[in-house]
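To keep things clear, I will list the structure first and then write my remarks on it.
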There are 2 protein chains.
Amino acid sequence: MPRGTPPVILLSEDTSSAQDERILAAAPGARLLHLRDIETDAGLGRAIQVAYPSLPAGLWETTPALEWVQVTMAGVDQLLSRPEVRRHPAVITNVHIHADCVAEHLWGMALMLTRNLARAHRQQVDGTWNSGPLTSGISTLRDRWLCVAGLGAIGRRCAEIGVAFGMRVIGISRSGRRVAGVDEMVGPEARREAFARSRIIMLLLPDTTETRHFAGRDEIAACRGAYIINGGRGSGVDTEALVAALREGNVRGAGLDVTDPEPLPPGHALWSMPNVVISPHYAGVHPGYNDEAFEVFLANLGCWMRGETLANIVDRATGY
Amino acid sequence: MPRGTPPVILLSEDTSSAQDERILAAAPGARLLHLRDIETDAGLGRAIQVAYPSLPAGLWETTPALEWVQVTMAGVDQLLSRPEVRRHPAVITNVHIHADCVAEHLWGMALMLTRNLARAHRQQVDGTWNSGPLTSGISTLRDRWLCVAGLGAIGRRCAEIGVAFGMRVIGISRSGRRVAGVDEMVGPEARREAFARSRIIMLLLPDTTETRHFAGRDEIAACRGAYIINGGRGSGVDTEALVAALREGNVRGAGLDVTDPEPLPPGHALWSMPNVVISPHYAGVHPGYNDEAFEVFLANLGCWMRGETLANIVDRATGY
């Protein structure tokens, strides 16, 4: 049922006047609040019904009217780790606008490892032309298995690129349900066997109680010369077991956009391992990100005004 | 017409006894010579009819019976630059077994640049977790143009990967003839316009008089924020113009597996430019390369014995 009265919307980051106009076109008569308004008049906070792109930490306990928060990230583990957020009945929606850029990022990391390009780049820093040390230990992709854990939009894009490289793809999801373009799907209980046959393992898992150490000691021990690429959350990998396996060689290389602990502390063994590439958690960043996230909010605001179900509602039970 | 008498074959690199057996199965009764045989008996060289995987430099003038040389590289520019080779009437065949590995290599280089992963790797060497400097200047691929110059097996594979990343592809070939999976094809005369609209330009050209400075001063000046990836020959790019354009920004980045001069001398400006990745001419290397090349030779030897046309005959007029 369409809403009868205009909503009170908190815009917790600055918007342009053009954006404000578009919000008002989607929600005619809405009252648009900014953080400075609440700071000067604390009572206003109690009236907030919608928040974008976040609800600042202190406000969750003082916004009884809050019905919906549209956030602009995909992973909401940190948000849901706070008790006041878990207690609040507001609907949380996230965005799924990372698929292309994360797939590009993770494949870049994978190829830096399989083609020895990270090693070549360190040699470049020294200014020496010497192919000798770079031509051994190269991995080819055709007909090898790519394992993708987590078959959301990002995982499916990563699988598509793998297929373009001539790889066969085994996917791991909670349901193990068939996914178009993925050769085989299994449930998490079969992951050791999936790891054992794969040359590249891409992890795109959210941080939940079920995914902690998804690639744990036993799973990592099952790898036979695989590359592990983590674009999900650092907690998905047992870091200590990974470091040992990288030394022993049953894990050939690791590309990590996320780590555990994160940030990776200075002096950590991973920093200086020759078969590791690390990017400080920016695989999801791309130009135009904020604009795309705003479009998701606007479309959802239209749904909300018409009383329709919102897109991308976070399932508080599964945590994603 | 099948050959009546068994051929004399020079194996200029050591073969295994299993390989020798397979050669003799394809060419029953063949006489297999090794370099040491010729060294001890110079007259033997005059009887050589077939050579694999090369004919050593000094022998071209002393092998009047030579009919066919199967080489194991794709680019024969250096071979054909020698007058005694150009004068010799022997057929030269090359191999086209690089498509997958060169495509993986060049796409690895491209993504290292578009996702700032080369920069991230230099930061990793310093052991610092700091996404700040890495999140600006990222390029996305979807809906942007990929220009592929040279549409042989390698160029077509590179184009296919670009399509998987959601790019549109403009190809450049001598004929400008339509190629499956490539959105638009043009001839070399239209390359400036093709460069001007492309985000990534991949060069897969042999070294011939026509391809020297294919990306010359004017073509490079036409680029509007493109990445140039060279997997062909160094002579295809005007290095001086490239360095200037990388400084000015109309070329955003360069990934070079080949350079001019090559090897790139110590202290050359390209070594230390932040938006350049260099690999010392090994994009074509992959495990199993020698085995695949041997299969090409065996198949061709079968053709030769049956008097059929060989595969991959180098056109001495075009130089590839």
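Heavy atoms only: backbone and side chains are in, while hydrogens, waters and symmetry mates are out. Reminder, nothing fancy here: chain letters follow the sequence lines and each chain counts from 1. Source: prediction; values computed, not measured.
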Heaviest contributor of heavy-atom pairs below 4.5 Å to chain B, chosen from A:V163, A:L270, A:T259, A:T114, is A:T259

Against chain B, work out which of A:G288, A:A120, A:G166, A:P266 has the most heavy-atom pairs shorter than 4.5 Å and name it.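 Heavy-atom pair counts peak at A:A120.
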
Sub-4.5 Å heavy-atom contacts with chain B: which residues of residues 124-146 of chain A show up? A:Q124, A:V125, A:G127, A:T128, A:W129, A:N130, A:S131, A:L134, A:T135, A:I138, A:S139, A:T140, A:L141, A:R142

Members of residues 223-253 of chain A whose heavy atoms come closer than 4.5 Å to chain B: none

Run A:M112 and B:M109 through side-chain contact (heavy atoms from CB on, under 4.5 Å) and show every step you take. CA-CA 8 Å; A:M112 280 174 83; B:M109 290 186 131; over 6 Å; no

With sequence neighbours excluded, residues passing side chain to side chain contact (heavy atoms under 4.5 Å, CB included) with A:Q78: none

Among [options], which has the most heavy-atom pairs under 4.5 Å with chain A?
options: B:H286, B:R122, B:E160; value: B:R122
options: B:R119, B:H281, B:R157; value: B:R157
options: B:E262, B:H268, B:Q123; value: B:E262
options: B:A283, B:P263, B:P265, B:P287; value: B:P263

Separation between CG of A:L117 and CG of B:D257, rounded to the nearest 0.5 Å: 8.5 Å

Relative to chain B, which segment of A:V276 carries a heavy atom at a distance below 4.5 Å: side chain, backbone, both, or neither?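 Backbone plus side chain of A:V276, per the 4.5 Å heavy-atom cut-off to chain B.
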
With a 4.5 angstrom heavy-atom cut-off, could you sort out which part of A:L113 is near chain B: side chain, backbone, both or neither? neither

Please examine the side chains of A:S279 and B:R115, heavy atoms only from C-beta on, and report whether any two atoms are closer than 4.5 Å.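 A side-chain contact is absent here, since even the closest heavy-atom pair is not under 4.5 Å.
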
Which pairs pass ring pair (Phe, Tyr, Trp, His ring centres under 6.0 Å) with one or both residues in residues 104-126 of chain B, sequence neighbours excluded? B:H105-B:Y282, B:W107-B:F165

